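Ligands are counted one by one from 1 in listed order, and the atoms in each one are counted from 1 as well. The residues of the chain are indexed from 1 along the displayed sequence. This structure is a prediction, so every number in the text was calculated from the model and none was measured.
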Amino acid sequence: MAIALALLVIVIGSVVFHLVTPWWLTPLASNWKTMDDTLTITVVITGIFFVVINLFVVYSLWRFRHRDGHRAAYEPDNRKLEHWLIGITTVGVVALLAPGLVVYADYVRPPQDAMVLEVVGQQWQWRFRFPGEGGKLGGSDARFVNAANPLGLDPSDPAGQDNIVIVGNEVHLPLNKPVKVLMRSHDVLHDFFVPQFRARMNIVPGQVSSFWFTPTRAGRYESMCAQLCGVGHPNMRGFVVLEEEAAFQAWLKQQPTFAMTMAAKPAAPSGADPLAAQGQTVAQAKGCVACHSVDGSASVGPTWKGLFGKTESLDDGSTALVDETFLREFIRNPTARSIKGYPPVMPKIELTDDELNALVAHIKAQAPK
Ligand code: CUA
């Protein structure tokens, strides 16, 4: 009887919890109310089954409890009851799955007039690109990726020259215009997710995946990665700003085209070492910044502030002076030695000799003057 009572409390508690929970959906900022509707359908159907099945168990525990002189009747099968149960379960499962299929079919079929946004994921950051005035995204390939061309656009493709390259992790979009999002990855499986849009999609290396949505509510929304993609995964964040068309166009005008980014030399503040400035771009492009700060704050890896010239203790008990040779060797082969106090999780990142030199100069520039 105690079990019957406990089950009853669990059923009532679960229903009440769902009605008063603060952990409900974030405010919707896109056209995908149907996503919320399918979720509601799922919660209601599974909720009904949960309540009915548990109340039946409570009833049976009470009604058929042990009493002296009573014997259980043996009834190995009951055709009529089985047909009822199969019928009800079938209807329940169809009602759970069918609405999602309808919504998903809509989700991956963008309207003809949708504007195009490209999202590129890499460990551990987001990049964005719009087609330019020509209206076409130029070709891209992993072999074109370098510090100056982090999106890997084909420099010889005329269609790519006017493409608008977003430098940084924040992209803007106009309200009430359908957007077709095309996604690709430079390295591993990522997933572009903005909870307020109810939209997300896996990004599989080697293929382009897509979905579409129409922004409906102005604001700045955080985009995150919804697939565990390595130690920097929680830092793989960006922003999507939804604003009026005029504000969006004004912002878009300030963004460089691909041709402009290729022509420009890395901007170096006067007096600063141009190699170190280039190294800063490399640190951004290669995702180093997900784990290494330059302001002294703690992260997955050691901060670069004051790292150069320091003596670090290694896990094997020895010590090492952090100089150019040490940095070069460590970056080239990050798992050969391990620094005390840090997990040995740094990935080996492909760098040209020029990129490595620039990166080391950048780290050196963070040393106290
Ligand atoms: Cu990318 Cu998690």
Name every donor-acceptor pair, under 3.5 Å, that has one atom in a side chain of residues 123-132 and the other anywhere in the protein, sequence neighbours excluded.
from	atom 1	to	atom 2	distance (Å)
Q123	NE2	C229	O	2.9
W124	NE1	C229	O	3.1
Q125	NE2	Q284	O	2.4
Q125	NE2	A285	O	3.2
W126	NE1	M236	O	3.3
R127	NE	Q122	OE1	3.3
R127	NH2	A285	O	3.4
R129	NE	E118	OE1	2.7
R129	NH1	G138	O	3.1
R129	NH1	N163	OD1	2.6
R129	NH2	E118	OE1	3.1
R129	NH2	E118	OE2	3.0
R129	NH2	G138	O	3.4

Closer than 2.8 Å to atom 1 (Cu) of ligand 1 - protein N, O or S atoms, ordered by chain and residue number:
H190 ND1, C225 SG, C229 SG, M236 SD
Would [X] and [Y] pass as an ion pair if we require N to O under 4.0 Å?
{"X": "E245", "Y": "K177", "result": "yes"}
{"X": "D113", "Y": "K180", "result": "no"}
{"X": "R200", "Y": "D191", "result": "yes"}

Taking all non-hydrogen atoms of both residues, which atom of A361 and which atom of A276 are closest, and how far apart?
O-CB, 3.8 Å
Might you work through the ring-ring contact (aromatic ring centres under 6.0 Å, His included) test for F197 and Y221, ending with a clear yes or no?
CA-CA 9 Å; F197 300 165; Y221 303 97; 5.5 Å; yes
